[in-house]
Number of protein chains: 4
Amino acid sequence: MTTPNKVTDLFNQSVDDSDLSAKQKSVLQASLTLFSEKGFDRTSTSDIAKLANVSEGTVYKQFKTKEGLLHAILTPAIQQVVPKIANDFLTELLQNNNTDFKDFLKWLAQDRMTFAVENQAQLRILIQEIARSDGMFKRLGDTFMGKIAVHANTLFQKYQDNGQLIQWPMPRIARYIASAIMGYILPVILRNDHNLDIAQSSEEVAEFLYRGLKP
Amino acid sequence: MTTPNKVTDLFNQSVDDSDLSAKQKSVLQASLTLFSEKGFDRTSTSDIAKLANVSEGTVYKQFKTKEGLLHAILTPAIQQVVPKIANDFLTELLQNNNTDFKDFLKWLAQDRMTFAVENQAQLRILIQEIARSDGMFKRLGDTFMGKIAVHANTLFQKYQDNGQLIQWPMPRIARYIASAIMGYILPVILRNDHNLDIAQSSEEVAEFLYRGLKP
Amino acid sequence: MTTPNKVTDLFNQSVDDSDLSAKQKSVLQASLTLFSEKGFDRTSTSDIAKLANVSEGTVYKQFKTKEGLLHAILTPAIQQVVPKIANDFLTELLQNNNTDFKDFLKWLAQDRMTFAVENQAQLRILIQEIARSDGMFKRLGDTFMGKIAVHANTLFQKYQDNGQLIQWPMPRIARYIASAIMGYILPVILRNDHNLDIAQSSEEVAEFLYRGLKP
Amino acid sequence: MTTPNKVTDLFNQSVDDSDLSAKQKSVLQASLTLFSEKGFDRTSTSDIAKLANVSEGTVYKQFKTKEGLLHAILTPAIQQVVPKIANDFLTELLQNNNTDFKDFLKWLAQDRMTFAVENQAQLRILIQEIARSDGMFKRLGDTFMGKIAVHANTLFQKYQDNGQLIQWPMPRIARYIASAIMGYILPVILRNDHNLDIAQSSEEVAEFLYRGLKP
DNA sequence: AATGAATGAGGGTTCATTCAT
DNA sequence: AATGAATGAACCCTCATTCAT
């Protein structure tokens, strides 16, 4: 099953399409780079101005505060971590349930890995924020629940009825799927490693998950 | 298989047993709390002094630098993240290879979960550091390789020869085991959640891993 | 022999002419005053900010460091302590050797005394630095050797050939000239005394030196 | 004219003879070293304690403040800069006025050079203090006037009556003598140079001064 | 007499933010 | 819209000094 990469980089898109001036765009790009490299707290607005070839004042014209910059960078990323687009695909899946469970697992892994590799910098920043503030992790979880849970639940139900998925509670199943995929993604992000063989990795992880989750 | 909890909290122990004065101990405790709650960069040395009921000068008498404090807190934690004690157990396992693979998985999960719950604060800080600096993650990985890899390799080999473990390369197997356990640990740490049913969780994860990894 | 005062105060000139803002100039002036009055180490950057009617941050905008301020003040002074301008005069002297040795001595004394009186504050600071660090004295001496020695040597040679100057080695002669003039300058600087009758003093010292150094 | 070195190091004597304990003595020695090397302001009391192999508290037992240490070091030196002992010699000179002026100059130079070489460290500190505070230079001058001036005046008078000394006012004569000798001493002190050929230097300077000051 | 842990004021410096130009 | 000089609060850290032991 080949899935076209539906993950469009919202960040770049918003940077490119937005009504931001060239200077403002370069501020965003510089922030992304520096926040990801050195962390939010260790990046000074003057560092950003320097890298963006812009005056310090310009940094504050569009994004009223340093935190405003962070949000401008993180918000689109967050909205994609919870796969809004994938959701459409899930709906589709529910309608024509001819897709094999293992194929689904492979597609899911591939989709998220692609997203991760394409958005390494933002994800690195996101992970830093998650690690720092209690709120972020919970908020992410809640968003996920609100947007995905229902559909995923129904889908898993279907696979369970199919006899392709073990009769465990949905959160338990989700946890194993998520953590197995994370096992490939996190090292890549945390090591600034840009080489992940997505095709093979998604195949591998799907195989393992399938074995572990079949009845 | 019941394993006595061999994980002693090195941090608290060292804080209590060390020749540090009461004030110095309270500095360490305050730093642990604040670094974990607000992050290293957002904790000021004056915050620490205030919480520890101590003058700012005192903070610097023992730990020459704010980073010195961080290391004083992190070093013992790091040395336990790589399960030194587990290593002894592994050696033991290798000698009397009558232990079932599933029991081993359960013991491992339980051991690391216990450690994680007992050292939440430090691990939270460690995760923040991992997220911030490229170096930390690699260093941890290398330490792990140096201390565990050989024994684990031999052990897995044994289980493979036993017919209890699938014939996949060792790093792949390790990745799944680690990430599945992490799937239980990370949410607990990142949410400051203190309620993890270790007995049931370790049972659950062992069951899943066993299914996914048996030939 | 009347010599027009060629000594222009490079410091004030550079302060006035430089592209520094009014605030930055006032920072320099305040530093000059305070360093000279209380010494570098006993002057705090907050003192400087207060005297300059400027925020502490402003002190650091132009001069990245407190030591940077010191150098900004000292560098032009040092370049004049070694009399660059005098050097031109020496060259001239060498060409029209009709100048009497005593007149030369008088001119030299007058030139350096004028310079000293006009740059008391900087010289006070310079003396403090010389007293503090081994390096400074040597560096000054080397600079002097590099810029003056050759010309002075030739000039002295001429006066020796003339029969106006005793046949002592050049360093010995230079030592006496320098220390006799210093005998007038140092008390003025160290006492913050602004009244030095340069005309009479240079006449006096020239007379003494001439007697001591004629064959 | 051979003059026995009447300059005894009052500092060492007071350190040795005083009722100070061994530890206190070592505090003084350490202060002397460090003040001379790095300057008073850049020497911390903890540096002193470390070099003296003593606790920080001990530094404060005898010398109530850091400035107290400075005075303990400087006071004896100051009392010798104004040559109290030489004064006895001057008195003697006045009584049997058979001593040649040039010999007197030589003796004076030798006496002060010896003192300077033997007390380099203290003099370095003294120079730093002179450079820093207006008061010190004046105080030294006044002390000098009070203790020496009368005798020196009478002595110079005698040499003038003798026809060995030019009829210039006494301060002018003193200035030339002092600055010529300083011309040998200062470079030695400021360069931490320990090699001064006192015999030759005093001979040289006496020769020059004699030529410059004879009628 | 001697120790060294503790203090707290103050030091140099950084940095997010503002605002006149 | 863009600049960059200016701000001032806060930061990390040092140090002279004190005092219980």
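Worth saying up front: this structure is predicted, and the values here are computed from it rather than measured.
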**Q.** Distance-minimising heavy-atom pair for A:F40 and A:Q128
**A.** N-OE1, 3.8 Å
Q | Minimum heavy-atom distance B:S26-B:A52, with the two atoms named | A | OG-O, 2.9 Å
Using whole Å, report how far [atom1] of [X] lies from [atom2] of [N].
X     : N      : atom1 : atom2 : value
A:K25 : F:dA2  : NZ    : P     : 12 Å
B:K38 : F:dC11 : NZ    : C1'   : 13 Å
D:K64 : F:dT17 : NZ    : P     : 12 Å
C:N53 : F:dA6  : CG    : P     : 13 Å
D:D47 : F:dA16 : CG    : C1'   : 12 Å
B:R42 : E:dC15 : CZ    : P     : 15 Å
A:L69 : E:dA16 : CG    : C1'   : 12 Å
C:I48 : F:dT7  : CD1   : P     : 15 Å

Can you list, pair by pair, the side-chain donor-acceptor contacts under 3.5 Å of residues 56-65 of chain B, counting residues two or more places apart and other chains?
{"unit_1": "B:E56", "atom_1": "OE1", "unit_2": "B:T45", "atom_2": "OG1", "d": "3.0"}
{"unit_1": "B:T58", "atom_1": "OG1", "unit_2": "B:S55", "atom_2": "OG", "d": "3.1"}
{"unit_1": "B:K64", "atom_1": "NZ", "unit_2": "B:K61", "atom_2": "O", "d": "2.7"}

Q: With DNA chain F as reference, determine whether C:V54 or B:K66 sits nearer its 5' end, using the nearest nucleotide of each.
A: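 Result of the comparison: C:V54.
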Q: For C:T58 and for B:G57, locate the closest nucleotide of DNA chain F by heavy-atom distance; then report the residue assigned to the nucleotide nearer the 5' terminus.
A: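 On the 5' side of the pair lies C:T58.
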Taking only side-chain nitrogens and oxygens of [X], does any of them come within less than 4.0 Å of OP1 or OP2 of [N]?
X     : N     : value
C:S21 : F:dA6 : yes
C:S55 : F:dG8 : no
B:Q24 : E:dA6 : yes

(Q) Test of understanding: with side chain to side chain donor-acceptor pair (under 3.5 Å), list the residues that count as partners of C:N53, not counting sequence neighbours. (A)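 Testing C:N53 for side chain to side chain donor-acceptor pair (under 3.5 Å), a comparison that skips the adjacent residues, returns none.
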Q. Any Lys/Arg nitrogen of A:D47 or A:K38 sitting under 4.0 Å from an Asp/Glu carboxylate oxygen of the other?
A.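 Salt bridge flag = yes for A:K38 with A:D47.
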Q. Pairs counted as Watson-Crick or G-U wobble with both distances under 3.5 Å: what dot-bracket string results for DNA chain F, using | for bases tied to another strand?
A. .||||||||||||||||||||
[X] has a side chain; which of [options] sits nearest to it?
X     : options               : result
D:T65 : F:dT7, F:dT17, E:dG11 : F:dT17
A:E56 : F:dC12, F:dA16, F:dA5 : F:dA5
C:K23 : E:dT13, F:dC11, F:dT7 : F:dT7
A:K61 : E:dC15, F:dA2, E:dA6  : F:dA2

[X] side chain near [Y] side chain, heavy-atom distance below 4.5 Å:
X      : Y      : result
A:I73  : A:L70  : no
B:M136 : B:L126 : yes
A:Q120 : A:L123 : no

Would you classify [X] as touching base, sugar-phosphate or nothing, given that sugar-phosphate means primed atoms plus P, OP1 and OP2, and contacts are heavy atoms under 4.0 Å?
X     : answer
B:Q62 : nothing
B:E67 : nothing
D:T45 : base

Q. Where each residue is assigned the nucleotide of DNA chain E containing its nearest heavy atom, which of C:T43 and A:F40 is assigned the position nearer the 5′ end?
A.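 The residue whose closest nucleotide sits nearer the 5' end is C:T43.
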Q. On DNA chain E, nearest-nucleotide positions of C:S44 versus A:Y60: which is more 5'?
A.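 The answer here is C:S44.
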